[in-house]
Amino acid sequence: MEQARAHGASGRVGPYRLITRLDPPGSPALPCRRFVARGGGGETVLLSVAPPGGDPVAFAAEAEAAQRLPAPWFEPVGRVSGAGERQAWYASPFRPALPLPVALAVHGGPLPEATVRAIGAALAEGLAAAHAQGVTHAGISPSAVLLTADGPRLGCHGAVRAAGPDGVPRTGLPGLDPGALAPEQATGGRPRPPGDVFALGAVLAYAATGHTVPEGAELPPALRAAVLSCLTRDPAHRPTAAALLPALAPPAPHATVLNSAASLLAPGWLPGRVVAALARQSAELLAAETEPDPHAEARHRAALPTTTAPAPAPAPAQPHDPRRT
């Protein structure tokens with residue numbers, strides 16, 4: 001992981017000290033910039049920062065809205081930047097994670113079909129829960145998906161809204177992946193659930209082929225119909241997230257539990273190289289935590305109470321020697 005000292009002169013955002021960048025430098029179409037950071041109390045967080053060129057007010061508003069969204073597989077939002085801060089950001093509990101494009105690079109190409117299916121089922125499950133509450137995520141792209149040992153997490157909430165207001169064409173705006181942007185949202189349409197489904201199809205296409213606009217024959221046969229149905233240009237012809245789930249997580253024979261992403265996330269759902277990269281990231285963070293702080297001793301001395309030094313003890317009296325008298 002690249003050290004974050006290059007980010008600004010102070011290496012801080014809000015109350016957090018930056019430790020590393022999560023995304024490689026030069027990553028295209030990042031809906032938010034992400035750092036592993038540490039707060040004053042010692043807690044480690046994943047810090048998502050508004051990208052240059054976006055609307056920081058809208059970014060913060062979307063983060064605040066995500067705080068109240070109890071959808072599974074969505075990156076939880078903790079603390080959010082205040083109104084007067086120079087940069088908009090939000091903090092999430094940290095766990096070792098790789099952005100989806102990094103996972104493909106580590107694996108050496110498209111991910112196995114079982115992994116793609118598990119990613120799709122989890123994200124469809126989360127979107128179905130959000131859509132049932134009347135909420136559109138509006139920020140799905142390959143870079144917005146983080147892979148952890150126990151499943152994917154969807155972050156970068158509301159990137160489409162933060163990049164440009166409704167009614168304004170969003171094609172080419174900073175932070176938006178054109179391959180994951182539904183046609184109706186690219187022209188400025190209000191984000192709605194079918195746009196999330198289109199973006200989910202683009203994410204699955206990317207995970208399975210390495211790009212978001214695949215030819216049908218490139219997709220694994222067992223996933224082809226589901227992915228292409230998501231990428232239909234007409235939003236009225238796309239499936240809902242809830243309807244997509246059975247195609248991605250079909251129930252096993254005689255199963256007592258209905259379709260659920262959890263059934264696909266058993267140990268081994270991630271390829272070995274991705275698991276190794278997560279372990280390496282965890283070890284690097286632990287090493288960063290245990291590095292000596294060159295200023296710690298000075299801070300410790302400065303924190304000690306100032307006291308008056310005691311007067312030196314008097315020298316002991318010499319015994320009387322009668323030969324001297």
Side-chain angles (χ1 to χ4, degrees), residues 22-23 31-32 34 36 44-46 48 66 69-78 91-107 110-133 135 137 139-157 180 196-197 199-208 220 223 226-227 230 241-242 244-252 255 257-282 285:
L22 196 67
D23 301 282
C32 57
R34 291 168 295 202
V36 181
T44 302
V45 300
L46 175 62
S48 298
L69 182 60
W73 311 114
F74 278 28
E75 180 186 11
V77 176
S92 303
F94 174 75
R95 68 181 72 200
L98 296 183
L100 183 57
V102 175
L104 263 71
V106 167
H107 181 62
L111 298 176
E113 180 183 324
T115 303
V116 177
R117 186 181 292 279
I119 293 170
L123 298 186
E125 194 170 82
L127 288 174
H131 295 167
Q133 300 174 59
V135 176
H137 182 278
I140 304 169
S141 70
S143 295
V145 178
L146 300 177
L147 300 188
T148 75
D150 61 352
R153 295 296 185 275
L154 181 57
C156 297
H157 307 283
D196 281 351
V197 172
L200 174 56
V203 164
L204 298 183
Y206 179 87
L223 295 175
V227 172
C230 295
L244 189 62
L245 186 56
L248 296 170
V257 179
L258 296 179
N259 315 90
S260 170
S263 62
L264 303 178
L265 295 169
W269 82 276
L270 281 175
R273 290 183 180 179
V274 176
V275 174
L278 291 172
R280 188 162 55 248
Q281 183 188 86
S282 181
L285 178 61

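Predicted, not measured: the structure shown is a model, and the values here were computed from it.
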(request) With sequence neighbours excluded, tell me which residues meet side-chain hydrogen bond (donor to acceptor under 3.5 Å, both in side chains) with Trp269. (result)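 Applying side-chain hydrogen bond (donor to acceptor under 3.5 Å, both in side chains) to Trp269 gives none.
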(message) My understanding is that only residues two or more places apart in sequence, or in another chain, count here; which of them pass side-chain hydrogen bond (donor to acceptor under 3.5 Å, both in side chains) with His107?
(response) none
Mind listing the side-chain donor-acceptor pairs of residues 126-133 below 3.5 Å, one per line with the distance, residues two or more places apart or on another chain?
residue : atom : partner : partner atom : Å
His131  : ND1  : Leu127  : O            : 3.4
His131  : NE2  : Asp196  : OD2          : 2.9
Gln133  : NE2  : Ala129  : O            : 3.2

(request) Rounded to the nearest 0.5 Å, what's the gap from CG on Asp23 to CZ on Arg34? Could you check? (result)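 Atom-to-atom, Asp23:CG and Arg34:CZ are 4.0 Å apart.
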Shortest non-hydrogen contact from [X] toward [Y]:
X: Val227; Y: Gly201; value: CG1-O, 3.6 Å
X: Leu248; Y: Ala124; value: CD1-CB, 4.3 Å
X: Ala103; Y: Leu147; value: CB-CD1, 3.7 Å
X: Glu75; Y: Ser48; value: OE2-OG, 4.1 Å
X: Glu125; Y: Trp73; value: OE1-NE1, 2.9 Å
X: Val145; Y: Pro152; value: CG1-CB, 4.2 Å

Going by heavy atoms in the side chains, are [X] and [Y] under 4.5 Å from each other?
X: Leu111; Y: Ile119; value: yes
X: Val274; Y: Leu98; value: yes
X: Leu146; Y: Leu46; value: yes
X: Pro271; Y: Thr115; value: yes

(request) Report the C-alpha separation of Glu113 and Leu223 in whole Å, then their side-chain angles, then the decisive distance to 0.1 Å, and conclude whether the side-chain contact (heavy atoms from CB on, under 4.5 Å) test is met. (result) CA-CA 8 Å; Glu113 180 183 324; Leu223 295 175; 3.8 Å; yes
Taking side-chain contact (heavy atoms from CB on, under 4.5 Å) as the definition, give me every residue that meets it alongside [X], ordered by chain and number, with sequence neighbours left out.
X: Pro96; result: Phe94, Leu278, Gln281, Ser282
X: Pro93; result: Pro76
X: Ala66; result: Val77, His157
X: Cys230; result: Val197, Pro239, Leu244

(message) By the definition side-chain contact (heavy atoms from CB on, under 4.5 Å), identify the one residue from Pro99, Pro101, Cys156 that meets it with Ser143.
(response)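 Option passing the side-chain contact (heavy atoms from CB on, under 4.5 Å) with Ser143: Pro101.
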(message) Tell me if a side-chain donor or acceptor on Arg117 pairs with a main-chain N or O of Ala247 at a distance below 3.5 Å.
(response)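 Checked: pair present.
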(message) Test of understanding: with salt bridge (Lys or Arg N to Asp or Glu O under 4.0 Å), list the residues that count as partners of Arg95, not counting sequence neighbours.
(response) Asp150
